[in-house]
Amino acid sequence: MPLFLLFHRLMVRPLSREPVRTSLTILAIALGVAVVLAIDLAGGAATGSFRSSMETLAGDNDLEVRASGGVPESVVGTLATLPYSIRVSPRIEDYAVITDTKKSLPLIGLDLVAEGSTYAQSESQNAGGPRTQRASENVFEHLGDADSIWVGSIAGYKTGDRVELLINDQVRKYTVRGVYPDSNGNESAIVMDLAAAQQALARYGRVDRILLKVPEAPSLEDWQQRLRTALPAGVEVRPQGTGTNENRRMLAAFRWNLRLLSYISLVVGAFLIYNTISVSVVRRRQDIGIVRALGASRRVILSAFIGEAACFGLAGALLGLPLGRFMATGAVRLMSATVESLYVSSRPGTIELNAASVLLALVIGVGVAVASAYAPAREASQVSPFEAMARGRREYDVRMHKARDLWLALVLGLAAAGASRAPAVAGKPLLGYLAAILLIAASALAMPAFVDALTSFASKLLGKLFGVEAMLAARSLAASLRRTSVLVGALSTAIAMMTAVGIMVGSFRQSVVLWMSNQLPADLYLRPAGSPAADRHPTISLGLAEDIAKIPGVVAVERLRAYEISYQGMPATLASADLDVLDVIRWYPHSEFLSGRPQQEVLPELRHSNTVVVSEPFTYKHHLKAGDFIGLSLGETQASFRIADVYYDYSSERGSILMDRKTMLRYLPDPAPSNLAIYVSPDAPLETVRAEIEKATAGHRVLMFSNRDLRTEAIRIFDRTFAITYALEAVAVIVAVMGIAGALLALAIDRRRELGLLRFLGAATGQVRKLILVEAGLLGLLANFAGLALGFALSLILIYVINKQSFGWTIRFHWPVEILLGALTVVYAATVLAGLYPAQVAVRLNPLEVVHEE
Amino acid sequence: MELAIDAAGRPIQMPILSLQDVSKDYLTDGQPVHALSGLSLNVERGEFVALVGRSGCGKSTLLNLAGAMDFSTSGRVLLDGVSTSSLKDSGLTQLRRQRVGFIFQSFQLLHTLTVFENVELPLLLAGKHNPREVARERLGWVELEGLGDRYPHQLSGGQMQRVAIARALIHSPSILLADEPTGNLDTTTGNVILELLRRLTREQNTATIVATHSIEAASLANTLVRLRDGKIEEITRR
């Protein structure tokens, strides 16, 4: 208790005398904690929904039967007639859009005779009443109606309501026959009879999945084996929920990268805590000496400063908790949009701030603060009573081992270079991450030498250019080398992250733009209306392509079809293109293939043969190359395909396989296309042809894009996927700038005697203000230089190591000069502005009070 | 500068510093403190004045008023004929730049600057270019010519105080104000400093006011002003 009282009086209470600086430090920690927490919560919500909708409604089944392109209905019969006590539940699974609300919900077709009792309930039963005979009869009464649906209660409909649904490119009216209980909105779906779903989706003769409930003995693996032997070769039997796990694995890299980006703010916060505690130690050297002389042990001193840091960390964590929860809401929106665009359909789950999240925030806040404070706290504990109490002492600055640290920085830099060349570990770029951390550490170690060299060199020049205030500012920064180095280190780390991500995104964007210039040879593109997603491929009605082909001015209509498949336990897209149009399309001069071969040489190889081209992410995930063979389960068949070449593909990280449409139809005979690419004669006016196409598609809900529209839309989606990255960068920069403001305030207060002296010597208040602002400007300039250099090095790791090993994309390096310059200018301006309040404090110091302190 | 005329019409030189019935009150933690009460004092050019008195008698306050660092609560302070109460902060700054040099007990040199740079600082703050030659000359006055490129931590206490004196004289001030200039020095060194101050006062025809507890300083002064509780108890002129 006495020690706690002393701690409060000597360490905690003094913090209240500098409310602005204390608040800035706590806020910096809070932001760092909030960002990490927000990304963690948002990641859980954005990706946790895979257990919802389809899987939640899958009930307690054990196994699922799947096949690329759908499972033939005959397999249902085969399973049902096996001499085993298995519950067989065939399903159609897709999405429908409620036209009123534009909300997209899962659409599930079930054998309602067998399974309908779960869903076929009236509102009175939802309120807790007993299921009546009337309700059961209700199911059978309307089972044969193609317009009957059942919806979850959260959708807000009641029995008898009419609902308009967009399914593929058709809008149809349906009648709600019943509402089933739907407690948290995650289970909400539109349920219809299997036959009605097949009709609505034009998926005749097939189902998407067959769920199986098997007896407990023998084991699940034995059942899988047993059933595989009874089913056609192309049909897969696997544990139910495997799809969810596949998606989760695929998203792991995305979540990891975001998580690591969120840690940057914490790293910046760590620098600032280190600086704050260092300043505290310097200011209190005399107090430390007194307390040591009065009997305090070194351990007590160490604990006191660690405790001070822990107080900052705890306060920051407690503030960061609600802030993080608030930020998670926005983060979920951004992440869900990215997940949907690039990966898989998802509906965000709820953000759960539970005990684990609270513990995470506390551990991060207090842990980072304590870890950062250890070195200066240890230094404080080494102070001898005699040294700290000597009269006439000047400010003590720890002897900097510049040369030693520079060598260490070199070693770490070389280690980073080595780590960056290592391959991925279990599919994750772990050594790439390590290389980035080593580079940041190397930069921090090299900072004192860098700051010392530049400030010493520049002080005279600055004096000549900007006056004596600039010279004094440079000398002051050089004299407080440790403090200056830590501040520059903090801000440069944030700037480096901004630069690295900016270069990576800019390079990525440029690669995408270049890639798209080869990818979209057609003049117009058509797809079904509704929200697109990486794993959803609604189809266009049969016959529409033929109708459009007849329009004058249309030279060719290419039908493209895509399916979601699973290859070696990972989701992939199987697509086909109409290679008959090869004779009429314009070839682009640049190759889209890794081999460099032109399209007109590669694509004809695919015609009428079991030859495919695959995307770069696909080859990276499955360690394949041109010339290899892949086995695909298509329909009821297992077939082998040769990889003719590998193409660049930035549209999705899932990995894609492209074959000739005619080849696909041999295995998957559904002819409905997912998209149409329309080629218009150069002699025909595009707008006239477009207008004719719009007439032809009346009655279909389709969207038409020009070549330019599609490129613009693609870039818009691209930019949106990085919105959360930009937000994380901004937070890191804000944390750093706040730290600068707090540190400049501390500097102004610590140098009050010097500033007061200048007033005695004839300095005007404006000159004192200028001195502080020049210091802020110098800090910003040093940080910009260091940050740019570090950011460039980090960008190489991001582009050539982390991105490549995470996603498999080749990105061509590109300097986004304008964006970088703009961002750096904004940061620099913010740094100078951060000096305004400390400058004002410095100006308001009473020189009489500060100089005559004896 | 105000000029008085004698009966024969000849101009009478005004004192370089004139405090006329000056009082200074201020608040410390809400408590009123009467630092000076109705104090009147004139100091002429070339006069070496020692201000003596116990701690808290108002010596530093008097120096601050004399050096245009503060305003009196009542009365007038005329520095080289200019009334300081008529000036705003910028005016006081200008006055200090031109007329006043300060010397402190703990030297108050900037440790990030060399000796030359410390001495030049007031001229640079005043916007003057190329002060190096003037600084060199002033260092010659205090017999430190060869030490211009050293840093304060490389000097002894006496040397640091000489640098501070050179800095105080760089702009040829009308008045030098020294607050316990020998307080951090040993007796021998302190005496050397005091002798230096007296010599420079005579040679440069500045007025020097030294607030001191030192008997030696008191004995070297032309004028001894004894303060007590913010009032002048006695003025002895020699």
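Note: hydrogens, waters and symmetry copies are ignored here, and every other heavy atom, side chains too, is used. Just so it is clear: chains get the letters A, B, ... in the order the sequence lines come, proteins before strands, and each one is counted from 1.
For B:L124, the parts lying near chain A are the backbone and the side chain together; criterion is any non-hydrogen pair under 4.5 Å. Residue contact with chain A, scored on non-hydrogen atoms closer than 4.5 Å, involves the backbone and the side chain of B:L113 alike. Proximity to chain B (any heavy atom under 4.5 Å) is shown, for A:K770, by neither the backbone nor the side chain. Heavy-atom distances place both the backbone and the side chain of A:L758 under 4.5 Å from chain B.
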Set out, in order, the CA-CA distance, both residues' side-chain angles and the distance that settles side chain to side chain contact (heavy atoms under 4.5 Å, CB included) for A:V451 and A:L477, then state yes or no. CA-CA 8 Å; A:V451 168; A:L477 291 180; 5.6 Å; no

Let's go through A:Y274 and A:R482 carefully: what are the C-alpha distance in whole Å and the side-chain angles of both, what is the deciding distance for side chain to side chain contact (heavy atoms under 4.5 Å, CB included) to 0.1 Å, and is it a yes or a no? CA-CA 10 Å; A:Y274 177 90; A:R482 181 163 81 170; 3.7 Å; yes

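The CD1 atom of B:I165 lies 7.0 Å from the CG atom of B:L200; values are rounded to the nearest 0.5 Å.
With respect to A:R483 and A:D750, a salt bridge is recorded, a charged nitrogen being found less than 4.0 Å from a carboxylate O.
Under the side-chain contact (heavy atoms from CB on, under 4.5 Å) test applied with B:R99, the options B:V82, B:L17, B:T206 reduce to a single match, B:V82.
Residue with the most contacts toward chain A among B:E117, B:Q94, B:H129: B:E117 (heavy-atom pairs, distance under 4.5 Å).
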